[in-house]
Structures are given as structure tokens and as C-alpha cells.
Amino acid sequence: MDRHLPTPAERFIRGILPENPVLRQVLGICPTLAVTNTMEGAITMAGAVLFVLTCANVLVSLLRPLLKPHLRILVFTLTIATFVTIADRFLAAYMYDMSKQLGPYIPLIIVNCIIIARCEVCGSKQSVPAAFLDAVGQSLGFALALGAIATVREVLGFGTWFGRWLGIRLLPATLSDRVWAPWTVMILPPGAFLTLALLLGAVNWAGARLQKAEVSR
Amino acid sequence: MTSSASAPPTGGTTATAAARPREPRLTVAPGPHIADRSLTTQRMMADVLLALLPLVAVAIAQFRQYALFQIAVATSAAVIAEWVFARMRGRPATLWDGSAAVTGLILALSLPATAPWYSGAVGAIVAIGVGKAMFGGLGQNLFNPAMVGRAFAMIAFPAALGATAYVNPTLGLDALSGATPLTALKMSGNVTPVLPLVLGMTNGAIGETSALASILGGLYLCARRTASWEIPAGSIAALLIATGLPALVRGVSGWSPLHDLCAGAFLYGAFFIATDPVTSPLTPNGKWIFGIGYGLLVLMIRRLSGYPEGVMFAVLIMNALVPLINRATIPVPVGGPVPSPK
Amino acid sequence: MNYLATVLMLAIATALINNMVFHFFVGCCPFIGVSRKLDMAFGMGAAVTFVVSIAALLSWTFTYFILAPGAPLTTWLWRLLRPGSTAVVDLSILNYLVYIFVIAWAVQLVEMYVRKFFPALYKAFGVFLPLITTNCVILFTCLEIMKHVGPVPGSVPDPWGLDKALIYALFAGIGFLLAIVIMAGLREELEHCDVPASLRGPGITLVIAGILALAFLGFTGMDSSLARRLVPTAAPAAAPSAASAERPS
Amino acid sequence: MNTHRLADAWLVLVLAMAFGASLAAVHAALKPRIDANKLNDTMSQVPMLVPGATRGERLVVADAPLYRAVDAAGMLVGWVVPASGQGFADRIEVLVGLDARAHRLTGLYVLDQKETPGLGDNVTREGWRTQFVGKPTDPPLQVRKGTAQAPHEIEAVTGATISSESVTAIVNAAVRRLREQLAAGTLR
Amino acid sequence: MSVPAVHAAPRTFPRGVHPPEEKHWSRDRKIEVLRAPPLVQIALHQHTGAPCTAVVQPRQTVAAGDIVGNSDALISAPVHTPVAGTVQRETVATLPNGRHVRVVPVQSAPDQPSPEALWNDLFGGEWPTDSISAMDPSEIVRAVRAAGIVGQGGAAFPTHVKLARNPKKPVDTILVNGCECEPYLTADERLMIEAPRPIVVGALIAARAAGASRVVVAVERNKPEALAAIRSVADSRGVEVLALETKYPMGGEKQTVRAALGRTIPTGGLPLDVGVVVINVSTAAAIARAVLRGRPLTHRVVSVTGPGIAEPKNLLVPIGAMYADLIAACGGLKPEAARVIAGGPMMGFSLGSFQSPVTKGTSGIVVLAGESARPPETPCVRCGRCVDVCPLNLVPTRLALAARHKDWPMAQRFHITACMECGCCAYVCPASIPLVQLIRTGKVQMQKEVAP
Ligand SMILES: Cc1cc2nc3c(=O)[nH]c(=O)nc-3n(C[C@H](O)[C@H](O)[C@H](O)COP(=O)(O)O)c2cc1C
Ligand SMILES: Cc1cc2nc3c(=O)[nH]c(=O)nc-3n(C[C@H](O)[C@H](O)[C@H](O)COP(=O)(O)O)c2cc1C
Ligand SMILES: Cc1cc2nc3c(=O)[nH]c(=O)nc-3n(C[C@H](O)[C@H](O)[C@H](O)COP(=O)(O)O)c2cc1C
Ligand SMILES: Cc1cc2nc3c(=O)[nH]c(=O)nc-3n(C[C@H](O)[C@H](O)[C@H](O)CO)c2cc1C
Ligand code: SF4
Ligand code: SF4
Ligand code: SF4
Ligand code: SF4
Ligand code: FES
């Protein structure tokens, strides 16, 4: 049945960079933009996606012999919505601050293209270990992208990194604003769009470079 | 073949003319064989710099070394950025067409006198990098680079470029001791007399204070046909009509349509920024629409939004609409549209 | 407050100031994926506007009568089963499940209805309808409306009736339509530009979105000053409502 | 045909049951905690907003909630009024603390706001909010750019006059509402 | 069809450009007759339409005016030898527009008519008008075809086709085009001054053929002498003369008809669609010659002018003479000559070689000097100046962009096929974009790629 499908280990590796959901597949853009003005938001979102994606992918993989084609999407949606609700309640109960900050973007994971795409591409076709590692790999890739964007935005926008949890301050608070000032724009929507654009550009550029190097070798 | 730079050369192959022993060097090229040389791209940019001189003069007269500082920082940052980005893309250096200097100067003139060094520098780098180079360089950008840079800097450093940045009585310059006319109106309802607005004796961005200087420079640009007159005409007409009709009904007390015209950056924007050929429509009808839209948006933002002035936002929003305007104003050829083959 | 002013304020705030794409970042995937051609973009935007209005109608109704804490229908049923019970019945844990099915169902319904009765319209945007099920604009709108639905007085700040929910949804859709049409216009232009290879496609689209987000910041504050102008008696800078600042509990 | 479909859908039905059950369990387990979180947001502020108070008692008056601040002995020491209004960017939600007869402000807390970070969101800073403490409630407060001169004046946050005015207007409205209710005798 | 009153004519058209006129180089030089060169090359395809095939054999001797090539196609015209002599082997020559055509070389016999005799035969003497009203229209058309007359205004469209009556499209006006709006060129101007009579008479004959009741001669205002000369002949014969604004491309027929008659020719249509036939002044003279004297079209006036030629002249040349012969007759190129153009500087073609024969459509040779090359191309700054000048109200920059990117839907959206390639847009473009060239190749490629 497995026609040249990638092995579990390959699935894991691919999710992190070669098939990074945000940077290579340009999926899941909404949360990527919305929650990355602080590292805390980015990591919490990535954690929620890790939970939902892993549970959904594994469950779909378990159910895969029973899936009827025309009910497939329905089952996916049902599964995802349930796990998202659980994640949402869990955050509201134990990380109330983050729950308030992330607001509707946690429930929006339900329609996140990454998760449906993984259920389609991997969960409904491959074994449980593959589905599990695929989910973890993709989530790590997602976390990597979110972390990269959030790092740029938080450092430039607030002058901090994990400012709320760890209190890391990169610009001394006493710096005169004649010399340098944080860039408020990075916290606002324009900064989100521009950061992601530049990151995508950089990744594409590096990818093209690597490819050229390989071809010439 | 997507790049415009790789187009065939216009002058080139030397013919082996067999007519005469003296053999002049002859060129073969597609027609027309004569060109109106009074206006080249380079000349257009030089025109803009020339037309900006009155504004620069007023700025320096009023804000002294602060104006010089802003102009120096933003213009040199823009020119250096242009060079760096052209190198990065492996494109021929485009410094000598002067467009980067225009972008830098227009940006500089839109800053408050006391803006810290990084606001002009970041603004100029974003203007050229994000506003221009990322779209493919001269002629291909969809948004006015100077306004992209200014918007980025303004939102990045709201304290340095926002309303509070203008008032700074401690620097010993009279020009910097009062609120800008638009801020004074918005916050406390104070009305600045018209004459200082016309001459340039109020506070504000260094290039915007004198309506007269903007008009002088602007008329020169329109007369040279470097700028399309339809855009300032449309915007001024729209502003005067939209403010004048209510004034006719209710009567004028205090802030008049003339104030709206002369205060803030409206005229500077109408003559120098909205007229950026690259980011405005192609056809005369499109230019009218663009100008009217600009005028109305400036007014709407001044009156209704949280910001005292709307020039920058109005220009960017109208830039975004240019492709739609261009599409809606495709002229009908003389003699009607091409008949469909049948 | 004057009803017209409320409506106008909500419309401007939803479509321009808090634009779905430029402010809330929702609908980014179709915004990037379906904005290459003007007619496609218009079809997508129109389809979203259409579906979001219907989804809002359904989700408001479901939330108000069934799901929200103390919803009348659920409470009535519960009392029928357990006469004398005073507990506040709360099915809001099912919110997300119900919304996503409401949306899926609404899309199916709309598709069938439009195909049957408006074939021309179906041709224009029918192909986009199935895609919309997973469109976050719709779900996001339902979630926003949810925050303002509370059958028990005082349980939510600024409660909305069905009318406000519908206006909100309509202008959320219009805001999305506006954004995607503007973007498509710009991208058609861009096809002839020498954009760096690594930025072509999503990259430059996001750059433009960033610039548009900057431009749309110019609308900030317009809703409240408009309200102030239309209703001069309202207090300066704010039209405070007496409602609670609490979240629904 | 219909039964055929139903037969096909057994998996969905089973899943729905299972998921429903698990959600019910999650709900039952977490709801008390979530509710406590929400209430805490407000309740934990009461002692800070009204000096001498140890806890709040929630009332609903004219469809809007209100908190009686009581001391350990259960005696009324003041009020906490939740209120909200439009700020520069979005709604601002605040809690206003007042003495028992609503003559003086005793505290101000910003629950939720989306003002510009670094500008408008400075209204949440303690340094700015303490201005309100001890202010008389009559005449209504007014914002002033620069240094406050009269007792009823509030200094604007630099660069964020609009946010400052919003908060002040929200406070004034909350005060007005409480005083009306006190005067009408609906509260004791 | 109602005929608009003359005073309603606007005398101009919207947009267009005003390049420097540069007529002074040759406008005062009387037309000189070029002595028949030793060899002429008669192109078998010098008109729009089907090419001719040779009807003479190598080594055959021919008399001046003998037919050399002919075709049965409707849209075609025979070619004749301008000189007496011996036919040689058919070869191929390249015309200035890049087209390769078959040519019949004729070696001139030693005894050729004197210049005065030739001039008198072609343009001098009496041109009676009394018989015109009795002429049979189809007879005129036949004579025009037999004489091989094609338009001498540039397009070289067979004139007999234009004059043939079409009951569905009645003609009310013959418009004689004496605008000569291209800078430098003065051939038509000189002809109007020196031979107004055959022009006016030819126009009246054309009117008889086409069934037109009205004859109008339109001349740009910058040619007062020509206007006066034509008026002196025309007024007594019921022919109107109109002075139009000096503006390029006033001579384009869409613009002339608009300016002179106030009528708008539909896009993709002809003057015929608005009841007008437009003929060039030389064409008119050729018609008179053909009908009244039975002479074929064998000679034409060519301006050889510009700052790069030693002695600018207007020459009456045998069709088939080489460009090199004409240049030599004018003292050759100056050392500073930089570009040699067949035709005017706006629409003409620059020459790589002078071994091309003059054809019926050749109106001039312009030699530019010094720094005449256009500056190098830079990116379009979307200034819209090209839009401001396009006489047809097109958006040239978009057409060029579409052509460059082969975006045919866009090209069609912007009406690329309506462009008449007049060059106004490229003339004003501050970025020196070769707009006309791009549009021209775009039109051709589009036709190939979007075959119906
Ligand atoms: C070209 C130009 C464009 C400007 N655009 C804006 C704008 O869109 N919004 C704004 O608040 N200020 C803008 N300004 C600055 C204002 O004109 C100036 O600050 C105004 O007089 C008072 O605004 P402030 O209260 O923000 O300082 C612009 C200035 C210039 C020169
Ligand atoms: C990016 C940006 C964000 C802003 N955010 C706020 C804000 O959150 N609250 C506010 O009152 N003013 C904000 N402003 C400033 C307003 O435009 C307005 O200038 C200000 O309220 C005037 O206050 P001032 O008179 O104290 O400078 C912001 C300005 C910019 C450029
Ligand atoms: C741009 C342009 C300019 C023209 N200029 C002239 C001109 O100056 N004189 C002229 O006789 N024909 C000119 N023509 C050709 C006329 O349009 C028209 O074809 C001609 O007058 C018809 O007469 P014919 O068939 O006798 O040549 C021009 C055509 C174009 C497209
Ligand atoms: C009349 C005129 C106005 C211009 N205005 C601007 C401007 O507002 N901002 C800018 O960056 N460049 C301006 N330019 C320069 C140039 O067009 C600009 O750098 C291009 O947008 C870069 O592609 C202007 C040029 C002209 C001729
Ligand atoms: S699934 Fe929806 S919310 Fe998520 S990234 Fe895609 S478009 Fe955005
Ligand atoms: S399926 Fe929809 S949401 Fe997903 S990538 Fe495509 S357009 Fe975006
Ligand atoms: S004149 Fe040249 S630069 Fe200007 S719009 Fe036309 S093609 Fe572009
Ligand atoms: S060449 Fe074509 S596009 Fe250019 S001006 Fe002439 S008609 Fe217009
Ligand atoms: S992720 Fe937003 S609509 Fe698909």
C-alpha cells in the first residue's frame, strides 16, 4: 500500500525545513502573522498546533482503514475541532494570560490549512509512527518559522526576547531615544507582513543558492 | 527576457555604407529617428530637484541646521541605499538618473525638524529597499517610495514623528515652539491665520510649512510638463469644493477652506508627491480621478481619523487603486474600439 | 445612540479600520493564493461576502438560542427534563464544533441554491465555494459574533442583536473583498515588473500587504470620531457604554 | 438510499459520540477553573482599587454588573465599576474604584485594551493611573496636555492624548452612572 | 449622408506632436530632373497587394513607359519602365523596409529625352477639364489601373481600387492630401507650387470616377506658397482648398479627414466608410496624366534633404533609380552624416545600404547629421506623455509592455491593432523606449500566435 511514501524518519526531517509548512509551503499564514509579536505568543501557538496536529494525525492514521472517501473531510474536521476545543479550554484554564492574548487564533486552528493538509497527505495514508513523526516534524517546522519571525519582531519592536517570561532585554531601557528606539511598527500588522515576506525571500534565496551549488557539483 | 534592461539597443549597428569614399559612420535603427529631447528621465528628476529648491530654502530659513541635518541624512541614505540595492541585484547602477535623490529629498522634507537621525535613515532605506528595489527598481514600483519610507518610519517611531515630535521649545528656534496648525486645530480648535500658512511661518514638517513655495515649485513642474497638471488641479478642486460647499451653507468662521488648502502638507503632496509619474495613473481621466481621490482622502483623514494629517496615507491608498483606475480608464480609440473579427 | 451612527461606525470599523486581512490577518491564504487575477479575486471576495453573511445568521441564531450560557431554547428543554432546576445551562463547549459544521452546511446550501437559481452567479464564483469551508474569515467572524452574544443580560459587554451581527459579517466580507480586489489589481501590474526571483509570488504579495496595512492605518480612529460628529452629545473621544468589562462566564 | 448513507456514516456518529463525551469531560473538569480565572481578573483587583476592602460582591444592576467592595467584617467600603468605551484603536475596558458615596476615586485598572504599544498602552502603566487616585468626582475630570493645574485635571500620556481622553471619559461615565444609581436609591 | 458644412471642420485633430519642421533645407529648391542613370531596377512589388510577375524577357528592348510586370489580382498594379533600354536578368533587391523583392533591371539606352521634355510631358502643358464630365467612370478606373498608379503618400495602395464605385458605400468627397506633415520632406510642397494644374485636374477626374460631388485639397498652414498656387487653379474649378494646422501626423488620413471634414473614420475602417476617398497630391497628378495623356506612373518627385547631404534638392526621378544615384546627384553625404532615412524621420526606415531602388511610394531621403541617435533606453516611468500625444487616443506604453511580455489579452484590451505606427509616442518618450517598434512587432507576433 505504501507506494514510495516517505519513511517516518524522512517525514520528521522534511517537516522541519525542506517542507516547512510556513516557509516552503506558505500554509498557516494567518496565525503566523497574528501571534508573532512576542515569543510567548509564538511558542504557545506552536504548542497548541503541536498538540492538535499530533492528536489529529495519529487518530486519523488509526482510523484510516475505516475512512470512506466522501466522509473523509468530515471526519478530519470533527477530529480537529474537538482537539482544538480541548486545547482552547486548557489554555483558558492554565494559561489564562496567553489565552486572552491569542484570542480567536486558537479556535482558528480548526481551519488551519496545515492540519488538514497533513491529515490528507500523511495521516490518512500512513502508519501511526509515520503520522506521529510527521506531525511532530511539521509542528517543529511551524515553531521554527514562528520563532524566527517572533524573534525579529519582538527584538526590533520591544527590544526584548521572551520579555514576559524570561525578561531578556537586548536594548538597555535607559538608552536615549535620540540614539535608538524600538520600532513600534514591527509589533503592528505591517511589521508582520514585511518580516514574513523578507524571511520567505531569504529562504527562497538560500534554497536557490543551495540548488545551484548542487547542480554545479 | 522579463527585464526591461535586456531590450534591444536603439542605436547600434553601423552600416557599411558604400556611397562615398569619405564613409561617414551611419547608424541603422528603428524610427522615429528624431526625439523630443527636452524631457528625459534624468531631466525630469533634475526638474523636481530644482522645483524643490524654494521648499528647501524656506526649510533652512526656518529650521536652520535641523533642516540641513534631515536633508543630509535622508538624501544620502537614499542614494547609498539605491547603490547598494542595485549592486545586490546585479543591476546597472542607476544613481545618475537622480530618482533616488528625489525620493530622499522628498522624504527629508516630510520629516519634523527634530526627528532623530535613525528615523530619516530607516525611512530612506525602507523607501528604496521595500518601496522600490523589491518591485524591480525605477519605474516599476507600485507605491510612492518616499511615502512608504515615511509611513514605515512614522509607525515605527510614533513618538519621534508623530504630533508631539513637532513641539520643542527648548531648542531655541521660534519655529519649533508651537503646535503644528493641524494639531492645534484638532486638539484645541485653535485656528492659525492664513498668511503665515502661505509664507511658511508655522511649525510642521520642514518642507510643508510654506504654501507659496509649494505652489511656485509645483507650477514650474506643471509648466515643464514634468508633472501632470491634472493631478494637482483635481485635488485642489476636490478639496475646495468639499470644504467650500458646507462653508457656503454654514458660513465661514475660523477654519476656512483656504486653511485646509494651505495648512499641512496638502499642497506639497498635491504638487510633488501625488504627481510621481510612476505611481499615478497613465491617462488624463485617470489622473483626474487620482487627484480628486487624493484630495478627498486627505480631507477625510484630517477630519475623521486619529491623525492630524492625511497626505501620506492618502497617497498610499490612491497608489493601491492605480491599477484599478488604469483599467477603468482605458481610453476608447478615436473611431471606436477595435471591431471583433467576424 | 443614534442607530444610523452605530451602523456606520460598525461598518467603517469592520471594513476599513479592522480590516480582516490587514488588521486581523485572517483569510491570508486565499488572499495570497487567489489574488493573481482580478476576476478570480472578485469571485472569491464575493463568495466570501455571501457565505459569511449566511454563516453569521446561522451562528448567531444557534449561539443565542442554543449554545450560549442561559440560552432560552436549551434552558427550556432542560427545565422540561428537570423541572425546578435553576442551573445555568451552558453548551458553549460545543461552539467550535457547531460553527464549523454550520459553515460547511451553509456552503453546501449556498452552492446548491446558487447553482440552481443563479447559474450566472454560480459561474462567476461557484468554483470558490468549496474552498471557503476552510476559510478563516468565516470562522473568525462567527467567533467575533460569539463574543457579543449573551441571552442573559449583563453577561457580555456590548451585546449585539442579529442586526448588528449581520452588519458586522457583511462588512467583514466587504473588507475582505476590497483587500483581495486591490491586491489582484496590483499583482496583475506586478506581472510585468522585475521583482527579485526569491520574492516573486507570496513574498512580494506580503510586501504589498505590509504597505497596504501601513496605508490602512490612516483610517484609525475614524469610527469614533464619526460617531462623535453624528451624535454630538456623546462624550469626547469615547462613547462609553455602561456594560460590564467582564467576559462571559 | 437514506439508510445506506446512514450506514456509511456510522463512523462519524461513533466519533461524534466519543468526541462529545470527551468534550463534556473536559468541560466538567476545566470549567470551574476557567470561571475562576475570569472572575479573578476582576475580583483580585478589588482590594487594590478600594483601600480597606478585602473582597467584592457581584451585583447586577440595570443589566450591568457592579461590585460592592466590603471589608473583612462585610461592611461596605466602596464600589468597583466595570466600564468600557472606544479608545484610539479599539475598546478599552477598565475597572473604576470609588469610595462608598462615590465622592472620590480610589483606584483605576485597565483590564483590556489594544492601544498602540509604547504609546497608547501607557495608560495601563501604574505611574499614569495613580493620578486618578484621590481625585474628587465633581466636577468631571478633564485631560490636559502638559502639567495638570486644577484638581480635576489629568495629565495626558505624551503622544497619546486620544487614549488618555478615552480613559478619562470612560471613568467619568462610570462615575456618573454610579452616582445616579446611588441617588435613585437602587443601591445601598 | 449629410455633408457637414465646411466651416464646421475643425482644421485640426486632438493630440499629436509638433516636431521641428526643418523644411528650410529644400523647400526653395526647384524640382530638378534627374538624368536617367545607366541602370534602373524596377521592383515587381512596390505596392500593397499582390506582387507582379515580369512580362518581359532578358535582352528584350523596351521603350519608356512599356509595361514590365503585371498581375491578375484585384489589389495590385502593373509596373512600367521609366527609360528606354534593354531588359536584364531578374534579380532580388532589398527595399528600405526590409522586404526582399524581385526586380527587373533595365539598362538605359544612350538617348533619353531631355529634362525639359520629360517635365513637359509629365507636368507641363495644358490640362483641359471640359471633357471630364463626359468620361465613363469605369473607363477612368481602367486607365488608372493600366497606368499602374498606386498611392504616393506612403501606403502605396493601388488607387484604382479606391476609385472604383461601390453602391453600398457611396463617396461624396475626394480629399487631396497635401499635408506633407513629416519634417524635412518638401516633394509634395514643391509639386503643388510648380504643378498645381495636373493636381487639381487629377482630383476632378478622381471625383468623376468615384462619384464624388465635392473636391477638397487640404494643405498644412506652413506652406503658404503651395496654398496660393493651388488656390489660383482650384477656385475657378469649384475645388475647395483648406489650410490645416501644422501638426504631425496631419497627413495621416484619419487625421486629415477629421481636420478637413470633421468626420471620424471608424477603427479598422477606411475613409470610404465616411464617404471620402483620400489621395495624395502626386497621386492626383498621376491620375490626370494617365487619363488625359495615357502615361503610366514612371517618375516621381523625391526630396533629398537634411543637414547631412551636401546639396539638398527636390528631384524628379525615374522609379527604379538607386538611392545611391540620388545621393550622388545631390553632392553626396557630408562627413558628419549620421543616419540616412528612406522617407521622413518619423515614419521612415534608416538605410544600411544605398543599393535599393526608388519605388512609387518613396517620398524622400533625409540625411541626419551629428548627434542624431536617440539616447539609450531607460525604464518607462509611466509618465503618460505617450498617452497625451497619441493621435488615436491609445495607451502606447501599455501596448509596448504587452508586446514585450507577449501578453496578448492585455494588448487587445488596449486596442493594439488600432495603432497606425505614426511614432508620436516614441518621439516624446523621456525614457527613449522604442515604442513603435515594440508595437509593430507585437502586432505581427500576436497575429501569428492568437490565430483564430
Ligand atoms: C508629505 C507629507 C506627508 C505627510 N503625511 C502625513 C500623514 O499622512 N499623516 C500625518 O499624521 N502626518 C503627515 N505628515 C506630517 C504632517 O503634515 C504634520 O505632522 C502635521 O502638520 C501635523 O501632524 P502631527 O500632529 O502628526 O505632527 C506629512 C507631512 C508631509 C510633509
Ligand atoms: C503609529 C501610531 C500609533 C499611535 N497610537 C496612539 C495611541 O494608541 N493612542 C493615542 O492616543 N495616540 C496615538 N497616536 C498619536 C495620534 O495620532 C495623535 O497624534 C495623538 O493622540 C496626539 O496626542 P499628543 O497631542 O499627545 O501628541 C499614534 C500615532 C501613531 C503614528
Ligand atoms: C502617420 C501618417 C502620416 C501620413 N502623412 C501623410 C502626408 O503627410 N501626406 C500624404 O499625402 N499622405 C500621408 N499619409 C498617408 C495617408 O494616410 C493616406 O494614405 C494618403 O494620403 C492617401 O493617399 P495616396 O493613396 O494617394 O497615398 C500618412 C499616413 C500616416 C499613417
Ligand atoms: C513629478 C515627480 C514627482 C516625484 N515624486 C516622487 C515622490 O513623491 N516620491 C518618490 O519617492 N519619488 C518621486 N519621484 C521620483 C521617481 O519618480 C521615484 O523615485 C520613482 O517612484 C522610483 O521608481 C518623482 C518624480 C517626478 C518626476
Ligand atoms: S488555515 Fe486559514 S487561518 Fe490558517 S493559515 Fe490558512 S487561511 Fe490562515
Ligand atoms: S486551500 Fe484555501 S486556505 Fe488552503 S492554501 Fe489553498 S487557498 Fe489557502
Ligand atoms: S512616454 Fe515613455 S516613459 Fe512615459 S509612459 Fe510613455 S513609454 Fe513610459
Ligand atoms: S505609433 Fe501608435 S500608439 Fe504610438 S502614437 Fe502613433 S498611433 Fe499611437
Ligand atoms: S488560512 Fe485563512 S482562509 Fe485559509
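These numbers come from a predicted model, not from an experiment. Sequence lines set the chain letters: A, B, ... in the order given, protein chains first and strands last, and positions in each chain run from 1.
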Turns out that what part of C:Ile93 lies under 4.5 Å from chain A's heavy atoms comes down to both
Heavy-atom distance under 4.5 Å to chain A: side chain of C:Ile32, backbone, both or neither?
side chain
If the condition is ring-ring contact (aromatic ring centres under 6.0 Å, His included), which residues does A:Tyr94 pass it with, not counting sequence neighbours?
A:Phe90
What residues, two or more places apart in sequence or in another chain, satisfy ring-ring contact (aromatic ring centres under 6.0 Å, His included) together with A:Tyr105?
none
Only pairs of heavy atoms separated by less than 4.5 Å count here; which of C:Ser198, C:Ala215, C:Pro202 has the most with chain A?
C:Ser198
Kindly say whether the aromatic ring centers of [X] and [Y] come within a distance under 6.0 Å.
X        : Y        : answer
C:Phe176 : C:Phe31  : no
C:Tyr99  : C:Tyr96  : no
C:Trp105 : C:Phe101 : no

Checking A:Ser61 against A:Gln126: is there a side-chain donor and acceptor pair closer than 3.5 Å?
no
So, C:Ser35 and C:Arg187: side-chain donor and acceptor under 3.5 Å apart, yes or no?
yes
Interchain contact, A:Ile86 with chain C, by part (heavy-atom threshold 4.5 Å):
neither
Turns out that what part of A:Ala34 lies under 4.5 Å from chain C's heavy atoms comes down to both
All side-chain contact (heavy atoms from CB on, under 4.5 Å) counterparts of C:Ala56, not counting sequence neighbours:
C:Ile145, C:Leu166, C:Ala169
What's the separation between atom CZ in A:Phe193 and atom CD1 in A:Ile29, rounded to the nearest 0.5 Å?
10.0 Å
With a 4.5 Å cut-off on heavy-atom pairs, point out which of [options] contacts chain C the most.
options                              : result
A:Asp88, A:Val185, A:Val84           : A:Asp88
A:Leu33, A:Thr77, A:Asn204, A:Ile110 : A:Leu33
A:Thr85, A:Ile80, A:Thr82            : A:Thr85

Taking non-hydrogen atoms and a cut-off under 4.5 angstrom, which of residues 194-203 of chain A neighbour chain C?
A:Leu194, A:Leu196, A:Ala197, A:Leu200, A:Gly201
So that I can tick it off, tell me whether C:Lys37 and C:Glu191 are bridged by a salt bridge, with the cut-off set at under 4.0 angstrom between side-chain N and carboxylate O.
yes
